[in-house]
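Numbering of ligands and ligand atoms starts at 1, following listing order. Treat the numbers as computed from the prediction; the structure is a model and nothing was measured.
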Amino acid sequence: MSQRRKFIKQSILGSALFLPGVAASCAQKEDKNPSTGEKPLILSTWNHGVPANADAWSKLKETGSILDAVEAGVRNTELDMGNLSVGLQGLPDREGITTLDASIMTGDGACGSVAFVRQIKHPITLARAVMEKTPHVMLVGEGARQFAIAQGFPLEEEILSPQAQIEYDKWKVTSQYKPIINIENHDTIGMIGIDANGKLAGSCTTSGLAYKMHGRVGDSPIIGAGLFVDDEVGAATATGLGESIIRICGSFLIVELMRQGRTPQEACEEAVKRLIAKNKDIKDIQAGFLAINKYGEVGAYAVHPGFNYAKATESGNVLIDANSHFKP
Ligand code: ASP
């Protein structure tokens with residue numbers, strides 16, 4: 001599918017963060033209130049983020065809730081029949097079954113997620129129901145589906161979308177039904193937002209890696225990997241090969257780097273370096289990160305070129321190319 005591409009290498013961070021001198025300069029940096037930030041602000045991954053941001057922005061204006069906004073925004077993508085990596089129209093696993101992952105989080109630590117869930121049109125809304133209506137953070141598979149039924153979510157018919165069926169049939173021929181990790185086959189929507197008062201929220205939803213093994217779950221529903229939000233610091237979300245992001249707890253790492261004084265951009269770049277250092281065959285791995293801090297400053301960075309994101313503020317909703325570790 002898409003135009004996304006490759007990825008890569010190295011990191012350091014570790015002990016330097018604990019040096020007293022570094023801690024002191026970090027504290028100084030965090031205390032200043034950057035003039036470059038904007039609030040409210042909504043960011044989301046890839047070009048499908050533009051219409052998603054538009055819906056999120058309308059919802060924010062309607063209800064004033066940044067949580068409502070990030071849920072409404074990605075619901076747009078979950079219904080986009082042209083998108084083969086989010087929602088029930090997404091590409092299936094290698095058994096031909098579409099399974100969905102999603103997570104949602106607010107800056108006070110509330111979070112919910114669902115993984116390996118079938119027949120649910122809006123997994124992000126189910127993730128929010130887990131957050132708000134259960135004592136748990138995560139429900140998976142049949143349990144998540146049963147919870148959805150109990151909550152009155154309609155169950156959709158389990159058939160592939162016409163385009164997914166075509167792609168799946170092609171894949172079965174060329175891949176001889178072997179599991180593959182293909183960098184072209186993923187592009188989640190992750191959305192993070194901050195309201196005018198500095199309240200943060202985020203959402204992330206995906207059909208995951210195309211032709212994955214049945215039961216595979218990526219980073220998107222893993223709090224701290226695909227999404228992390230903390231009102232004291234900022235928020236981050238991820239896209240790309242979930243396994244590579246889980247290995248470094250990518251979104252949590254970025255928020256913690258910002259807590260220690262990095263700008264969102266510096267934090268995203270450091271996370272990419274860490275990811276590159278911890279993953280083999282990086283030339284075949286794409287991953288990208290988005291971050292905002294509590295001042296409304298933005299960061300974005302990817303392993304390979306091709307990652308872009310949508311940014312909505314009072315002055316508009318624009319698509320921006322992110323920089324990457326490896327150059328075009
Ligand atoms: N991160 C998602 C996953 O690995 C896929 C993607 O971002 O495209 O499931």
Side-chain angles (χ1 to χ4, degrees), residues 1-7 43-49 52 74 77-78 80 82-94 97-103 113-118 123-124 127 138 140-141 164 167 179-192 202-228 236-254 268 271-272 275 278-279 281-282 284-290 300-304 306-310 322 324:
M1 25 187 298
S2 49
Q3 52 289 74
R4 342 287 172 227
R5 296 290 115 80
K6 12 263 158 140
F7 325 112
L43 295 185
S44 53
T45 55
W46 304 113
N47 55 3
H48 49 225
V74 303
T77 322
E78 288 178 339
D80 176 1
N83 187 312
L84 296 184
S85 54
V86 180
L88 288 175
Q89 66 280 1
L91 294 172
D93 64 20
R94 63 178 178 152
I97 299 167
T98 303
T99 66
L100 306 179
D101 301 335
S103 63
S113 76
V114 292
F116 189 44
V117 65
R118 294 160 71 159
I124 197 63
M138 186 173 198
V140 305
E167 298 295 332
I180 54 164
I181 302 290
N182 182 334
I183 61 168
E184 297 295 335
N185 289 334
H186 50 84
D187 53 300
T188 295
I189 183 152
M191 175 178 282
I192 47 179
S203 57
C204 193
T205 178
T206 189
S207 53
L209 188 68
Y211 320 128
K212 60 196 173 186
M213 290 176 68
H214 190 60
R216 179 266 189 190
V217 169
D219 60 304
S220 307
I222 311 283
I223 300 297
L227 178 68
F228 198 74
T237 191
T239 181
L241 186 66
E243 286 75 1
S244 70
I245 296 160
I246 292 171
R247 273 186 198 109
I248 62 157
C249 215
S251 295
F252 180 74
L253 173 64
I254 289 169
C268 289
V272 165
L275 185 148
K278 297 294 181 190
N279 285 276
D281 300 325
I282 199 70
D284 296 326
I285 298 174
Q286 176 62 311
F289 295 106
L290 285 184
Y301 206 60
V303 178
H304 292 284
F307 176 48
N308 54 19
Y309 65 99
S324 56

Heavy-atom pair of closest approach, residues Gly226 and Cys204: O-SG, 4.0 Å
Nearest candidate to atom 9 (O) of ligand 1, where distance is taken over non-hydrogen atoms, out of Glu243, Arg216, Lys212: Arg216
Contact check: Thr188 vs ligand 1, nitrogen or oxygen atoms, below 3.5 angstrom: yes
Per-atom contacts of ligand 1 with Gly240, taking only distances under 4.0 Å to non-hydrogen atoms: 1 (N), 2 (C), 3 (C), 4 (O), 5 (C), 6 (C), 7 (O)
CD1-CD1 distance between Ile222 and Ile246, expressed to the nearest 0.5 angstrom: 5.0 Å
N/O separation below 3.5 Å, Gly242 to ligand 1: yes
Any donor-acceptor N/O pair, Gln89 side chain to Glu78 backbone, under 3.5 Å: yes
Numbering as shown, the atoms of ligand 1 that approach Gly208 to under 4.0 Å (heavy-atom distance): 9 (O)
Given Asn308, Thr77, Thr188, Thr239, the one that forms side-chain hydrogen bond (donor to acceptor under 3.5 Å, both in side chains) with Trp46: Thr239
Atoms of ligand 1, numbered as shown, that sit under 4.0 Å from any heavy atom of Ser220: 1 (N), 2 (C)
Nearest atoms (heavy-atom pairs only) where Val74 meets Ser203: CG1-OG, 3.3 Å
Which of the ligand 1 atoms, numbered from 1, are nearer than 4.0 Å to a heavy atom of Leu209: 9 (O)
Heteroatom proximity flag, Asp219 to ligand 1, N/O under 3.5 Å: yes
Nitrogen or oxygen of Leu241 less than 3.5 angstrom from that of ligand 1: no
From Ile192 atom CD1 to Leu43 atom CG, the distance as rounded to the nearest 0.5 Å: 5.0 Å
Check: Ser103 side chain, Ser220 main-chain N or O, donor-acceptor pair, under 3.5 Å: yes
